[in-house]
2 protein chains.
Amino acid sequence: MSDSITVDENGKLKCSIEYTLGKIGGKWKPVILWHLAYDGTQRYNEMRRLLPGITHKMLSQQLKELEVDGLIDRKQFNEVPPRVEYSISEKGLTLKPLLEEMHRWGTEQWGGE
Amino acid sequence: MSDSITVDENGKLKCSIEYTLGKIGGKWKPVILWHLAYDGTQRYNEMRRLLPGITHKMLSQQLKELEVDGLIDRKQFNEVPPRVEYSISEKGLTLKPLLEEMHRWGTEQWGGE
DNA sequence: CAGGATCCGCGATGATACTG
DNA sequence: CAGTATCATCGCGGATCCTG
């Protein structure tokens, strides 16, 4: 059973795995989604604490992309001081099995080498 | 339920999801593993055909890393011309649920936006 | 055929300063 | 507090040539 391959608007070949990688690939997104899915709603600075090593720029950039892709929700309160809460979206919840598999495999293999 | 966080030898924080990303993260590895897992054993040049757009360097590099990590097997035949066959390993097979989830999610979401 | 070695550009990422 | 803007850097990945 091979994957179905198609061609995108730029002539680049894509398969559904590449599509998934495009949405949640990279160093931070799976971890961000994991925290929001299993630790629940978080404020911006709380996210920073959950992701040691991430920079301001990366965090806001990744959050923005995830929001644009509809995988997380952003709720802004117009208070002083400002407050913004991030949470997993309905669509983001469909990633739970994938995130769980990533977590399970990592936990299982860790140290087994 | 939060992920357990530990510290690696360099002082960098890692969780099991980051561990997984370290092993199969990146642009090519999941797709390579997918083909070997579902299309079966492939020769080097067959892999190239299955991965349109990948360069020589990237393919051999990724294959080498996957082999070192024990996720794929490399079988070399000392013939002329040379022949090398790559296949998914026992350990690599444990990634099947993860690969299937990546494939399933990508297929499901594709076009749904 | 199956790769290794080398050079190099650019996008991803980081550091820092600034703002509503 | 929750970002944005700007500049610097670093290494991923591509192009090319070479080899057993």
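Letters A, B, ... mirror the listed sequences (proteins, then strands); counts begin at 1.
- Ranking D:dA2, C:dC1, C:dA15 by closeness to the A:Thr55 side chain, first place goes to C:dA15.
- OP1 or OP2 of D:dG3 has at least one side-chain nitrogen or oxygen of A:Tyr86 nearer than 4.0 Å.
- Not a single donor-acceptor pair under 3.5 Å links the side chain of A:Ser87 to the backbone N or O of A:Thr41.
- Along DNA chain D, the nucleotide nearest to A:Arg74 and the one nearest to A:Lys57 differ in position, and the one closer to the 5' end is contacted by A:Arg74.
- One atom, CG of A:Leu63, and another, P of D:dT4, lie 10 Å apart when rounded to the nearest Å.
- Mapping A:Pro82 and B:Gln61 onto DNA chain D by nearest heavy atom places A:Pro82 at the nucleotide closer to the 5' end.
- Between B:Leu21 atom CG and D:dC12 atom P there is a gap of 15 Å when expressed in whole angstrom units.
- Rounded to whole angstrom, the span from the NZ atom of B:Lys27 across to the C1' atom of C:dC10 amounts to 13 Å.
- By the 30° and 60° cut-offs, the orientation of the rings of B:Trp34 relative to B:His103 is parallel.
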- prompt: Can A:His56 and A:Tyr44 be said to form a ring-ring contact (aromatic ring centres under 6.0 Å, His included), step by step?
  reply: CA-CA 10 Å; A:His56 238 359; A:Tyr44 182 82; 5.6 Å; yes
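- Across the protein-nucleic acid pair, B:Gln42 atom CD and C:dG3 atom P stand 14 Å apart, rounded to whole Å.
- A parallel orientation is assigned to the rings of A:Tyr19 and B:Trp110, their planes being inclined by less than 30° (bins at 30° and 60°).
- Residue B:Ser60 places none of its side-chain N or O atoms closer than 4.0 Å to OP1 or OP2 of C:dA2.
- A donor-acceptor contact shorter than 3.5 Å links the side chain of A:Ser89 to the backbone of A:Gly70.
- Remark: C1' of D:dA2 and CD of A:Glu85 are 13 Å apart, rounded to the nearest angstrom.
- Nearest to the side chain of A:His56, among C:dG3, D:dG14, D:dT4, sits D:dT4.
- Across all strands, A:Phe77 comes closer than 4.0 Å to no nucleic acid atom at all (heavy-atom distances).
- Put simply, CD on A:Gln76 is 10 Å from P on D:dT4, counting in whole angstrom units.
- Taking only side-chain nitrogens and oxygens, B:Arg43 comes nearer than 4.0 Å to OP1 or OP2 of C:dA2.
- Look at CD on A:Gln62: it is 15 Å from C1' on D:dG3, rounded to the nearest Å.
- At the heavy-atom level, A:Arg48 lies nowhere under 4.0 Å from the strands shown.
- If you measure from atom CG of A:Leu59 to atom C1' of C:dG14, you get 14 Å, rounded to the nearest angstrom.
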